[in-house]
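Take a look at the structure set out below.
Predicted, not measured: the structure shown is a model, and the values here were computed from it. This chain uses plain numbering: 1 for the first residue, then up along the sequence. All values below were derived from every heavy atom in this structure, side-chain atoms included, with hydrogens, water molecules and symmetry-related copies excluded.
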Amino acid sequence: MNIHHATIAANTNFGGIALQGLRLMRAALLACLVLLPDLAWAMRQCPPEFGEKTNAFWLLGWAIFGLFVITGILLPVLMFRATRQAPRLWRWWLRLASFPAMVAMWILGFGIFLGEFVLSC
C-alpha cells in the first residue's frame with residue numbers, strides 16, 4: 001500500500017512541475033508579445049535620405065571591433081605574464097578572472113559595433 005501512495009504522490013508532484021513549466025512558458029510568451037513592438041522598432045530600415053554608409057565609416061567600425069577582439073585576446077596573455085611572481089592562489093584567481101574579462105571585451109566590442117555602426121542611420 002505504501003508503494004501505491006508513493007506513486008500517486010510522485011504523479012501529483014510531476015503534474016505540479018508540469019504546470020509550473022507551463023506557467024513559465026506563458027509568462028515568457030507574454031513577455032515576447034509585450035516586447036514585440038520594441039524588437040520591430042530596433043530592426044527598422046533607415047530612411048532613404050540617409051543614404052549609404054561610406055567605406056571609411058565601415059572601416060572605422062571594423063577597426064574598433066577588431067581592437068576589442070585583439071584586446072580581449074591579449075588580456076589572458078598579459079595576465080599570465082604579469083602574475084608569474086604572485087602567490088599561487090592569487091595567481092590562479094587572476095588568471096581565471098582574465099577569461100571572463102576576455103569574453104566581456106568581445107561582447108562590448110560587438111555591442112559597440114552593432115549599436116553604433118550597423119544599426120545606426
Quiz item: When clusters are formed from ILVMFWY side-chain contacts under 4.5 Å, directly or step by step, what else is grouped with L96?
Solution: none
Quiz prompt | Hydrophobic cluster partners of L59 (side-chain heavy atoms under 4.5 Å) | solution = none
Practice problem: Could you list who else is in W92's hydrophobic cluster, with ILVMFWY side chains joined at under 4.5 Å, directly or through other members? | Solution: none
Exercise. Determine the minimum heavy-atom distance between G72 and M105, stating which atoms define it.
Key: CA-CB, 3.9 Å
Quiz item: Mind checking what makes ring-ring contact (aromatic ring centres under 6.0 Å, His included) contact with F117, not counting sequence neighbours?
Solution: F57
Practice problem: Please go through V77's hydrophobic cluster and name the other residues, only I, L, V, M, F, W, Y counting, with side-chain heavy atoms under 4.5 Å joining them. | Solution: none
Quiz item: Can you name the side-chain contact (heavy atoms from CB on, under 4.5 Å) partners of L67, sequence neighbours left out?
Solution: T71
Quiz item: Please, which pairs that meet side-chain hydrogen bond (donor to acceptor under 3.5 Å, both in side chains) have at least one residue in residues 54-63, sequence neighbours excluded?
Solution: none
Exercise. Please report the shortest heavy-atom distance between P100 and A97, naming the atom on each side.
Key: CD-O, 3.3 Å
Quiz item: Which atoms form the tightest heavy-atom contact between F113 and G61, and what is the distance?
Solution: CD1-O, 3.4 Å
Quiz item: With the 4.5 Å side-chain cut-off for hydrophobic clustering, are L108 and L78 part of the same group?
Solution: no
Practice problem: Name all residues meeting the side-chain contact (heavy atoms from CB on, under 4.5 Å) criterion together with V69; count only those two or more places apart in sequence or in a different chain, and write none if there are none. | Solution: F65, I73, W106
Show me, pair by pair, the donor-acceptor contacts under 3.5 angstrom made by side chains of residues 79-89, not counting sequence neighbours?
unit_1: T83; atom_1: OG1; unit_2: M79; atom_2: O; d: 2.7
unit_1: T83; atom_1: OG1; unit_2: R95; atom_2: NE; d: 3.1

Practice problem: Is it possible for you to say whether F110 and L75 belong to one hydrophobic cluster, with membership spreading through side-chain heavy-atom contacts below 4.5 Å? | Solution: yes
Quiz prompt | Interatomic spacing from CE in M102 to CD1 in I107 - rounded to 0.5 Å | solution = 10.5 Å
